[in-house]
Peer 1: 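One structure is given below, represented as structure tokens, and several questions about it will come after.
These values consider heavy atoms only, across backbone and side chains, with no hydrogens, waters or symmetry-generated copies. These numbers were taken from a predicted model, which means no experiment stands behind them.
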2 protein chains.
Amino acid sequence: MTDLTHNEALQKTTVDQRLTERGIFVTAQRRAIADVLFARNQHLTADQLLMLVNETGAKVSKATIYNTLGLFAEKGLVREIHISSAKTFYDSNTSRHHHFYNMDTGDLIDMKERLAPLFLQSDLPDGTVMETADIVVRVRNQKP
Amino acid sequence: MTDLTHNEALQKTTVDQRLTERGIFVTAQRRAIADVLFARNQHLTADQLLMLVNETGAKVSKATIYNTLGLFAEKGLVREIHISSAKTFYDSNTSRHHHFYNMDTGDLIDMKERLAPLFLQSDLPDGTVMETADIVVRVRNQKP
DNA sequence: CGTGGCATTAGAATAGTTCTAAAATTGATC
DNA sequence: GATCAATTTTAGAACTATTCTAATGCCACG
């Protein structure tokens with residue numbers, strides 16, 4: 001067994017665990033999707049993910065990409081980021097952080113958490129509990 | 001001249017000024033849209049606005065609603081709020097403030113500004129300038 | 001094996017938004 | 001007022017991201 005296959009085996013276990021821990025049934029498609037998605041911290045659209053997954057040789061349909069992203073989001077494995085009506089990103093990094101969006105380039109850049117505010121229970125509307133706090137700071141390239 | 005028509009005349013001037021100040025050419029449709037939109041601080045979708053405007057007797061097409069909202073947003077008269085891929089709200093209140101979104105009811109609720117963070121120029125990605133900071137805190141109704 | 005229940009699929013349907021090309025309106029100028 | 005160029009508005013088609021549908025596939029378990 002080479003190091004490569006050893007690493008692959010390790011990652012497979014890790015990814016499987018990640019899903020199982022959240023009560024998600026592991027299937028071939030879900031693993032294929034998770035392998036690509038969780039390979040690193042990244043921001044992907046459903047379409048980009050579909051292409052990347054199918055490039056690995058796996059054969060996964062568009063509907064499954066959406067089903068799976070929806071499931072992962074519900075279980076807290078990915079975060080949805082709504083930039084505009086035509087741009088929904090899925091963020092494989094679910095640690096507490098936020099984003100800068102460069103309107104000129106379309107880049108989505110992570111923001112250090114210390115810049116984000118804390119919302120205390122007492123700050124929230126009466127009778128509600130916080131689910132997520134999403135901050136998008138839109139920036140433009142500085143004019144010369 | 002009754003008080004009512006007097007008030008209407010006053011409002012018309014105010015709305016016209018608001019557009020003209022931003023270099024927006026006033027037309028009948030733009031005024032009809034602005035009258036409804038700026039009557040009070042509110043969060044409307046393009047569709048809701050279209051219905052409200054046409055209920056006043058004005059006849060404005062869907063395309064014009066979108067054109068005008070785009071123009072107003074570009075000129076800083078309204079703020080776009082992206083809640084999900086299927087929900088873009090236009091906020092007639094452009095003062096610095098942010099939002100709570102109740103995932104259970106769909107309500108969008110204003111957040112006091114003091115809860116929002118300040119983003120200093122030094123915090124932003126290199127070579128960029130801030131355009132807007134959008135914060136949406138998603139909340140759910142507290143379980144009994 | 002066979003059955004029940006979920007997962008996956010291709011493609012159709014939906015819905016919000018943008019585009020198109022023609023008609024209408026505008027302010028400026030005579 | 002009439003004319004002109006430029007801009008705005010319009011109806012409806014086109015587009016696109018996402019969701020739905022109904023059929024098929026895949027397991028686990030008895």
Peer 1: Among C/dA7, C/dT17, C/dA10, find the nucleotide with the atom closest to the side chain of A/Arg30.
Peer 2: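 So the side chain of A/Arg30 is nearest to C/dA7.
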Peer 1: Give B/Asn67 one of three labels, base, sugar-phosphate or nothing, depending on what nucleic acid heavy atoms sit under 4.0 Å from its own.
Peer 2: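 Base, at least one base heavy atom under 4.0 Å.
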Peer 1: Which part of the nucleic acid does B/Ala86 contact within heavy-atom distance under 4.0 Å: base, sugar-phosphate only, or nothing?
Peer 2: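 Sugar-phosphate contact only.
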Peer 1: Can you work out whether B/Tyr66 or B/Ala28 has the more 5'-proximal nearest nucleotide on DNA chain C?
Peer 2: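 The 5'-side residue here is B/Tyr66.
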Peer 1: Does A/Lys59 place a side-chain N or O at less than 4.0 Å from the phosphate oxygens OP1/OP2 of C/dA10?
Peer 2: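 Indeed, a polar side-chain atom of A/Lys59 lies that close.
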Peer 1: Would you check if B/Asp110 and B/Asn93 make a side-chain contact, meaning some heavy-atom pair closer than 4.5 Å?
Peer 2: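 Yes; the side chains approach each other to less than 4.5 Å.
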Peer 1: Regarding A/Thr45, tell me which of base, sugar-phosphate or nothing describes its non-hydrogen contacts under 4.0 Å with the strands shown.
Peer 2: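 Nothing, no heavy atom under 4.0 Å.
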Peer 1: Which whole-number value in Å describes the distance from B/Glu80 CD to C/dG16 P?
Peer 2: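 Roughly 16 Å, once rounded to whole Å.
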Peer 1: Round to the nearest Å and state the distance from B/Tyr90 atom OH to C/dG16 atom P.
Peer 2: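 Whole-Å distance recorded here is 12 Å.
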Peer 1: Linking I/L/V/M/F/W/Y whenever any side-chain heavy atoms sit under 4.5 Å apart, do B/Leu71 and B/Val36 land together?
Peer 2: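 In one cluster with B/Leu71: B/Val36, yes.
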Peer 1: If you assign each of B/Ser85 and A/Ser61 to its closest nucleotide in DNA chain C, which residue comes earlier from the 5' end?
Peer 2: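 Closest to the 5' end, via its nearest nucleotide, is A/Ser61.
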Peer 1: Just to verify, what does B/Gln29 make a side-chain hydrogen bond (donor to acceptor under 3.5 Å, both in side chains) with, not counting sequence neighbours?
Peer 2: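 Result, side-chain hydrogen bond (donor to acceptor under 3.5 Å, both in side chains) vs B/Gln29: none returned.
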Peer 1: So what does A/Thr64 touch, heavy atoms closer than 4.0 Å: a base, only the sugar-phosphate, or nothing?
Peer 2: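 If one applies the 4.0 Å heavy-atom cut-off, A/Thr64 turns out to touch a base.
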Peer 1: Separation of B/Asp16 atom CG from C/dT26 atom C1', in whole Å?
Peer 2: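 Going from CG in B/Asp16 over to C1' in C/dT26 covers 15 Å.
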Peer 1: A/Leu50 CG to C/dT8 C1': how many Å, rounded?
Peer 2: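 Interatomic distance, CG of A/Leu50 to C1' of C/dT8: 13 Å.
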Peer 1: Among all residues two or more places apart in sequence or in another chain, which pass the salt bridge (Lys or Arg N to Asp or Glu O under 4.0 Å) test with A/Arg79?
Peer 2: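 Partners of A/Arg79 by the salt bridge (Lys or Arg N to Asp or Glu O under 4.0 Å) criterion, ordered by chain and then number, come out as A/Asp134.
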Peer 1: Calculate the interatomic distance between B/Phe25 atom CZ and C/dT26 atom C1'; express it in whole Å.
Peer 2: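 Taking atom C1' of C/dT26 as the reference, CZ of B/Phe25 is at 6 Å.
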Peer 1: Going 5' to 3' along DNA chain D, between which two nucleotides do contacts with chain B fall, using a heavy-atom cut-off of 4.0 Å?
Peer 2: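 With heavy atoms of chain B under 4.0 Å away, the range is D/dT8 to D/dT18.
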Peer 1: Check whether any side-chain heavy atom of A/Leu108 sits under 4.5 Å from a side-chain heavy atom of A/Phe89, and report yes or no.
Peer 2: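 Yes - at least one pair of side-chain heavy atoms lies under 4.5 Å apart.
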Peer 1: Are any of the side-chain heavy atoms of A/Tyr101 and A/His99 separated by less than 4.5 Å?
Peer 2: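 SC-SC contact between A/Tyr101 and A/His99 ruled out.
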Peer 1: Assuming nearest nucleotide by heavy-atom distance, tell me which of B/Ile65 and A/Lys62 is located more 5' along DNA chain D.
Peer 2: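 Looking at the nearest nucleotide for each, B/Ile65 comes out on the 5' side.
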Peer 1: Would you say A/Gln29 reaches C/dT9's phosphate, i.e. side-chain N/O to OP1/OP2 under 4.0 Å?
Peer 2: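 Answer is yes, contact under 4.0 Å.
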Peer 1: In whole angstrom, give the distance that lies between atom CG of A/Leu71 and atom C1' of C/dT8.
Peer 2: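 For the pair A/Leu71 CG and C/dT8 C1', the rounded distance is 13 Å.
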Peer 1: Could you state the atom-to-atom distance from CD1 of A/Ile83 to P of C/dT17 in whole Å?
Peer 2: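 The distance from CD1 of A/Ile83 to P of C/dT17 comes to 16 Å, rounded to the nearest Å.
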Peer 1: With heavy-atom distances below 4.5 Å as the criterion, would you say the side chains of B/Asn54 and B/Val60 are in contact?
Peer 2: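 Answer yes - side chains close enough.
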Peer 1: Do A/Tyr90 and A/His43 come close enough that some side-chain heavy atom pair is under 4.5 Å?
Peer 2: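 Of all side-chain heavy-atom pairs linking A/His43 with A/Tyr90, none is under 4.5 Å.
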Peer 1: Any side-chain N or O of A/Thr27 less than 4.0 Å from the OP1 or OP2 oxygen of C/dT8?
Peer 2: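 Yes, such a contact exists.
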